[in-house]
Protein chains: 2
Amino acid sequence: MEEKKLLPWPSGLKRTKPRELVWEALCAADRPLSVTELFARLEPSSGMAVSTVYRVLTALEEHGAVTKTTMMGEEIALFALNRGGHKHYAICLACHRQVPVRHCPFETAPVETEAEGFTVTNHRLELYGYCRECLKKRREARGTNGGPAPSNPA
Amino acid sequence: MEEKKLLPWPSGLKRTKPRELVWEALCAADRPLSVTELFARLEPSSGMAVSTVYRVLTALEEHGAVTKTTMMGEEIALFALNRGGHKHYAICLACHRQVPVRHCPFETAPVETEAEGFTVTNHRLELYGYCRECLKKRREARGTNGGPAPSNPA
DNA sequence: ATCAGTGCAAACGATTTGCACCTCG
DNA sequence: CGAGGTGCAAATCGTTTGCACTGAT
């Protein structure tokens, strides 16, 4: 169930045991992972240090093999490998679950290069809201307190 | 040059000197600010503590008056007040300048609620690329080194 | 007067870095 | 063999929190 085919090794990147382990973990993941999550998925027997995970991820990013992100309102970094094309996620504001969005709204109609003289090479789109379960829970918990103001609409 | 009209005070939020100062700084800003930037823009004579800035911003966020964000690849929080509607930015990968995008691509055609059962309440869209100046600099600096692989395309 | 708001400083957690050793090519 | 990679631990840095005090209603 955690099986995914490994992507080809990033060209120009030296192959070492720690790097391969991180690469495998990333390939197996179905969503962006934090360093801590990634670290937890490595066999403890590997004896790898957290700092190494950071360094490997940085190296991978510099080789254009992974992308560093952050979820809105969170300040911990998430890393996802750059498969062909790119992916967007719908993120539940309650349980933080990340649901992949099937199609990028811009994959057919590219974003206009609005800002004068600005050359767009990349973009990030994230949808925020509530998954079915959390929406239900919220309805049930209604009235317990006068909840905070609703977030600004999309 | 740093003149902007103050937005109406967030309803239900107690008025205090520190809060007003933060609010003014946010209204004057033309882009999301980090806590450090915000703190630097306050009169030193105000004697406000950084922790207060954090607390004020949290309060403002809970009242739906501001939004907490992060730039891709950065892990420091940025705060922007929620003016009517919402805004998106084109961010220069070289100089980090944030150029506001005029129109939200979704303001006419809302994003489909793709993920099964997922209720979208909000979204974030950021464009990454290079502003005119940095693009020129990059062209000139060409050949100095075999720069890193280009990021994945948009 | 009362309770939320604030300053100060210590606590925290994520990320970075210096240094000595080890490994890949 | 040599440059680069890694483990370990200490150092940073943004952010959070406990506590005593001040200010707004």
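Each chain gets a letter, A, B and so on, in the order its sequence line appears, and its residues count up from 1.
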**Student:** Roughly, in whole Å, what's the span from CD in B/E74 to P in C/dA14?
**Tutor:**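 The answer, rounded to whole Å, is 18 Å.
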
**Student:** Take atom CG of A/L38 and atom C1' of C/dT15, then tell me their distance rounded to the nearest Å.
**Tutor:**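 Those two atoms, CG and C1', are 14 Å apart.
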
**Student:** Just to be sure I understand the geometry, which residues of residues 15-23 of chain A put a non-hydrogen atom under 4.0 Å away from DNA chain C?
**Tutor:**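 By residue number: A/R15.
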
**Student:** What pairs with B/P18 under side-chain contact (heavy atoms from CB on, under 4.5 Å), at least two apart in sequence or on another chain?
**Tutor:**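 Counting only residues at least two positions away or on another chain, B/P18 forms a side-chain contact (heavy atoms from CB on, under 4.5 Å) with B/T16, B/M48, B/T52.
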
**Student:** A side-chain contact here means heavy atoms from C-beta on lying under 4.5 Å apart; do B/E43 and B/L21 qualify?
**Tutor:**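 They are in contact (side-chain heavy atoms under 4.5 Å apart), so the answer is yes.
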
**Student:** Nearest 0.5 Å, what's the CG-CD distance between A/L78 and B/E75?
**Tutor:**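 If I round to the nearest 0.5 Å, the distance is 10.5 Å.
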
**Student:** Partners of B/E133 by side chain to side chain donor-acceptor pair (under 3.5 Å), sequence neighbours excluded?
**Tutor:**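 Per chain and number, B/E133 pairs via side chain to side chain donor-acceptor pair (under 3.5 Å) with B/R97.
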
**Student:** Just to verify, what does B/Y54 make a side chain to side chain donor-acceptor pair (under 3.5 Å) with, not counting sequence neighbours?
**Tutor:**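 Listed in chain order: nothing, the list is empty.
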
**Student:** Any side-chain heavy atom of B/M72 within less than 4.5 Å of one from B/I91?
**Tutor:**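 Sidechains of B/I91 and B/M72: no contact.
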
**Student:** Using atom names, set out every protein N or O paired with an N or O of nucleotides 13-23 of chain D below 3.5 Å, distance rounded to 0.1 Å.
**Tutor:**
| residue | atom | partner | partner atom | Å |
| --- | --- | --- | --- | --- |
| D/dT15 | OP1 | B/A77 | N | 2.8 |
| D/dT15 | OP2 | B/Y54 | OH | 2.4 |
| D/dT15 | O5' | B/Y54 | OH | 3.0 |
| D/dG18 | O6 | B/R55 | NH1 | 3.4 |

**Student:** Within this structure, what is the CD-to-P distance between A/E62 and C/dT16, rounded to whole angstrom?
**Tutor:**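 Going from CD in A/E62 over to P in C/dT16 covers 11 Å.
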
**Student:** Round to a whole Å and report the spacing from CG of A/L60 to P of D/dT6.
**Tutor:**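 That distance rounds to 10 Å.
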
**Student:** For B/R55, what residues pass the side-chain contact (heavy atoms from CB on, under 4.5 Å) criterion, not counting sequence neighbours?
**Tutor:**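 With neighbours one apart ignored, the set is B/S51.
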
**Student:** I'd like to check B/L57 versus B/L26 (side-chain heavy atoms, cut-off strictly below 4.5 Å). Are they in contact?
**Tutor:**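 Result yes, sub-4.5 Å side-chain heavy-atom pair found.
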
